[in-house]
Amino acid sequence: MYNFQKIEAKWQEKWRQAEVFKTPKTDNRPKRYILDMFPYPSGSGLHVGHVESYTATDIYSRFSRGCGYRVLHPQGFDAFGLPAENYAIKTGTHPTETIKTAIAIFTKQIDSLGISYDWSHSVVTSEPDYYKFTQWFFLLMYKNGLAYKKKAKVNWCSNCQTVLAREQAEGGICERCGTAVIQKDLEQWFFKITDFIEDQEYEGRKISGLLSGLDSLDWPESTKAGQRHWIGRSSGAKVNFTLLTSDQSEFSVEVFTTRLDTIFGCTYLVLAPEHPLVEDLLGQAENSTAVKDYLKQVSKKTELERTDLNKDKTGVPIRGVSAINPFNHQKIPVFIADYVLANYGSGAVMAVPAHDERDYAFAQKYQLPIKTVIQPETGLDFDEGVFTADGLLLDSGEYTGLTSLLARQRMVDFLERTRQGGEQVNYRLRDWLVSRQRYWGAPIPIIYCDDCGAVPVPKKDLPVLLPEDVDFRPTGESPLKNSSSFHQVTCPLCGASARRESDTMDTFVCSSWYFLRYADPQNKTVFADPSKLKEWLPVDLYFGGAEHTVLHLLYARFFTKVLRKYGYLDFDEPFLRLRHQGIILGEDGNKMSKSKGNVVNPDSLTNLSGADALRLYEMFMGPLEEMKPWNSQGISGVSRFLDRVERIFDESPRSDDEEAVSFLQQTIKKVSADINNFKFNTAISALMIFVNYLYEAKNKKGEWPLANENLGKFLRLLEPFAPHLAEELWERLGYSSFLALSPWPEYQPELVKVETFILAVQINGKLRASLQAPIGLDQESALVLAKADPVVSKWLEGVEIVRQIYIPEKLLNLVTR
RNA sequence: GCCGCGGUGGCGGAAUUGGUAGACGCGCUGGACUUAAAAUCCAGUUGUGGCGACACAGUGCGGGUUCGAUUCCCGCCCGCGGCACCA
């Protein structure tokens, strides 16, 4: 086995000293910004998933440099956040320390893989130089009315005494202790992301919306679908119902429906327990005790209980109150039920049990009338029960007989005419809750003054530094409140004593703009100089895990659109091309986890087989984007391949052979195309096939069939995948320049000399012979050739050829009778 | 339930617009070299039948279109990922 330890250390040092991968200054070459999703620097170091992702972008970067692009290929660290804080709570070590150590480990590990990052363009989100601008972004949002404070329900773990981030309360259970999360009303900061769902124009600048902007992007379809679903646009109608109480007072309540065509089947109305009208109606209810009991019950429920689909729906009627259907003027009962969500639409729905499954279940339980008003267009054959599809209207007054589609249009017209409602679009997407009652994050730059109210921290006072001298153990309030030096300040406007906002920002805020900072990471005055942004942005290739399908990518797009709107950027989508890597499973087919003991450590592999072998193996395992299991024996295959490559360069005569040169050209074509399409597994396969061919030819000829110049071209193809060995062998060929900086070989079709091909002869679609034939063979000669074959002629005995299909250079199919 | 992705040898996987299914690699079997082992090299490796040339079957299942289907269409089954009372 070749001495990979020595070779890899040697070239890593040479690259570093010669600054081979330094980001180039502006010149007339086209640019390519190739970006990895930056990692969270955890104490356990790099795992094989990082290696997969970083190798993939490294291959593309090295390839791009060879192809004459100016390349920006940076890496940084997403250092704020709960894992570091929780680790700190557990061990008592300050997050600043653990992060510093972890970053050192990550950097060393990444360098030992030979990844061609330019570390001078790095960022660390927990450093004041960085979060100064995270705070600046907050102020930009605030100034433009895009950051606001309101009371909101947040996830609260009563055991840990803290608010949880949404991703920490998945399934309604606290990630840390397993306690069921409850909802608490607290004042929270929000970003108005919902303002950017649809296209808009501002001071002559067109900004595509979060929805339509997706259309032009080269992203995986699944990711686009995930974002569209999360935004959840649904168009329907708002309808006003009049509520009548026993003392003849009237209220109006708005409902949202996508199925206005079913309104003649509406047999009751439902309000969410949190609906503002509930309080007003409480006094009117004949059964106010029962209603109060129900409200109390609901408030005690955990999020988990409330969203459990397997549980029976619950609710309570408001007796003495009824609603009037604006279409048929029928009086219907009004319910409060927690299957209606307060924060979607208007928090009230018209219930049509015959045509909605949820309403049906509720109606059955409370024995409410079920009135069918839609029948399938195909007529007749429909059973009792719920029919949720569109169809023809039944029993619906003047609308009877219309299709659902037409009925919806006419009914909306009626609502608009009579001012009882109209068209309405709703979204599932809510505004982004960005405040966290946690220590390890960027402080929100707001000061509260008794006289002046909420006052933004003046720009000259940024960054608002995160104090290091606080007890960061969670108490239910932000730990920053414990630091009096931090908390007690004077008002920037009037100078009176005031207090600082003690919440920090969601780490997703920090990661929503880091890709802009890479263009100009040292800038002290602005987040990035406009000229630098123009030089590098938008990102040409963004690569990372599919777990960021929704949140991170949506937030980063939102930030970009805000910046575009206010003139800081000249583009409105940050990531033009996006690809995900598939998860690497453990050898047992399970997800890698410490508890399962199936975690593969990259360090042990670089020590055992070398970085080049590890890189090559991970790229050879299978399609990049697919989930695939680790196979510890698999790496020996690529190690063997590298050994075979190395032995070609042992002393031995070498001279160009026409056939080998031709094959090399075909390999150049194949490998280049595969890299462009991120099909690294087949690119490596092509390199292996070529090396196998060289050995075969040498066995026949007694010498290697390629001279040095062409062997150099082969090394250039190998370099993105196995850069250390490739550089070493390049040097052995006598070159003193860096292979990484030499141009990518151009495919020269005129050197491809292929004289024969294998003609597949089929009879009635079944393969009967594979014959060697000269290129350019015409159909007639192909038939002659085929007939001369004993197997073919046997099959043609006593039958008549009624049809021939000839695909030149490929196949001849004879159809017989 | 909805959305998205997938199902090919013992294993990971390969197959331009439909055109030789199983490339490449792992593993396995046999052989060469060696006192022996490792390493390396050579040969074989979808199944069934046959010494063999060959033949038949075969890309989750059932149909269809076609000279020809892993690829296209219809109807299912299974697995994975995401969302999940969004009216």
Side-chain angles (χ1 to χ4, degrees), chain A residues 1 171 220-226 228-230 232-234 236 255-259 262 270 272 306-309 311 313 337-341 343-352 355-359 361-362 388 426-430 546-547 549-550 582-583 585 587 589 616-617 620-623 625-638 640-641 643-644 647 673 679 681-692 695-696 699 758-771 790-791 794 802-807 809-816:
Chain A
M1 207 195 254
E221 226 20 76
S222 59
T223 306
K224 289 192 195 183
R228 289 193 187 104
H229 183 248
W230 190 259
R233 182 185 208 275
S234 75
V255 305
F256 174 71
T257 178
T258 53
R259 292 299 306 274
T262 65
V270 193
R306 211 168 146 172
T307 55
D308 188 349
L309 289 172
K311 283 217 173 128
K313 300 208 181 333
D338 68 357
Y339 80 90
V340 172
L341 307 173
N343 56 0
Y344 183 75
S346 57
V349 302
M350 58 174 229
V352 185
H355 305 294
D356 181 281
E357 290 189 22
R358 297 152 299 184
D359 298 341
F362 190 80
T388 57
N426 272 330
Y427 305 93
R428 302 165 57 118
L429 183 69
R430 312 285 147 78
E547 68 273 18
T549 291
V550 176
I583 295 170
L585 302 172
E587 198 144 17
L616 211 52
Y617 173 62
F620 187 58
M621 285 172 79
E625 68 282 5
E626 249 148 67
M627 182 188 284
K628 43 212 175 273
W630 189 264
N631 177 354
S632 56
Q633 284 172 321
I635 200 162
S636 65
V638 295
R640 232 168 268 171
F641 165 69
D643 276 330
R644 279 160 71 82
R647 262 179 273 133
K679 289 168 76 175
N681 54 332
T682 50
I684 293 167
S685 158
L687 293 172
M688 287 173 166
I689 292 169
F690 186 69
V691 168
N692 290 348
Y695 271 79
E696 237 174 76
N699 285 346
I758 303 294
L759 175 72
V761 183
Q762 296 183 340
I763 292 167
N764 297 321
K766 272 192 186 275
L767 181 72
R768 294 302 174 190
S770 298
L771 308 171
V791 176
K794 196 192 87 192
V802 292
R803 200 171 157 190
Q804 301 179 27
I805 291 104
Y806 184 59
I807 313 289
E809 260 88 271
K810 276 227 161 93
L811 123 171
L812 176 69
N813 187 12
L814 304 173
V815 184
T816 66

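Considering only side-chain atoms of A/Met688, the nucleotide from B/A87, B/U20, B/C24 that sits closest is B/C24. Among the nucleotides B/A21, B/G12, B/C26, the one closest to any side-chain atom of A/Phe620 is B/G12. Considering only the side chain of A/Ile807, B/G19 comes nearest among B/G19, B/C67, B/U20. Side-chain proximity of A/Pro623 to B/A14, B/A87, B/G68: nearest is B/A14. In the set B/G19, B/C24, B/C83, B/C24 carries the atom at the smallest distance from any side-chain atom of A/Ile689.
No side-chain N or O of A/Glu357 forms a donor-acceptor pair with one of A/Thr388 less than 3.5 Å apart. Side chains of A/Asp359 and A/Tyr339: a donor-acceptor N/O pair is present below 3.5 angstrom, by distance only. Donor-acceptor pairing under 3.5 Å is recorded for the side chains of A/Arg644 and A/Asn692.
Of the inter-residue distances, the one linking A/Ile583 atom CD1 with A/Lys628 atom NZ reads 10.0 Å to the nearest 0.5 angstrom.
Residues A/Leu814 and A/Gln762 have side chains not in contact (no heavy-atom distance under 4.5 Å, counting atoms from C-beta outward).
Contact annotation for A/Asn692: backbone-only contact, meaning every heavy-atom pair under 4.0 Å involves sugar-phosphate atoms and none involves a base. Residue-level contact check: A/Arg228 touches neither bases nor backbone, having no heavy atom under 4.0 Å from any strand. Within the 4.0 angstrom heavy-atom criterion, only backbone atoms of the sugar-phosphate kind lie near A/Arg644; the bases stay farther away. Among the protein residues, A/Pro220 comes within range of no part of the nucleic acid, since none of its heavy atoms lies under 4.0 Å from any strand. Within the nucleic acid shown, A/Asn631 comes within 4.0 Å of sugar-phosphate atoms alone, with no base atom in reach, counting heavy atoms only. A/Ser685 comes within 4.0 angstrom of a nucleotide base, judged by non-hydrogen atoms across all strands.
Note on A/Lys679: a side-chain N or O is less than 4.0 Å away from OP1 or OP2 of B/A15. Contact between the side-chain N/O atoms of A/Arg768 and the OP1/OP2 oxygens of B/A53 is not found at any separation under 4.0 Å. Taking side-chain N and O atoms only, A/Ser234 has a distance below 4.0 Å to OP1 or OP2 of B/A87. A/Asn681 has a side-chain polar atom (N or O) that falls below the 4.0 Å cut-off from OP1 or OP2 of B/A14.
Between the NZ atom of A/Lys628 and the P atom of B/G25 there is a distance of 19 Å, rounded to whole Å.
B/G27 takes the anti form, because its glycosidic angle lies more than 90° either side of 0.
When the ring pair (Phe, Tyr, Trp, His ring centres under 6.0 Å) test is applied to A/Phe620, no partner is found at least two apart in sequence or on another chain.
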Let me have RNA chain B in dot-bracket notation, would you? Count Watson-Crick plus G-U wobble pairs, both distances under 3.5 Å, and use [ ] for pairs crossing earlier ones and | for inter-strand partners. (((((((..(((......[....)))((((((.......))))))((((....))))..(((((..]....))))))))))))....

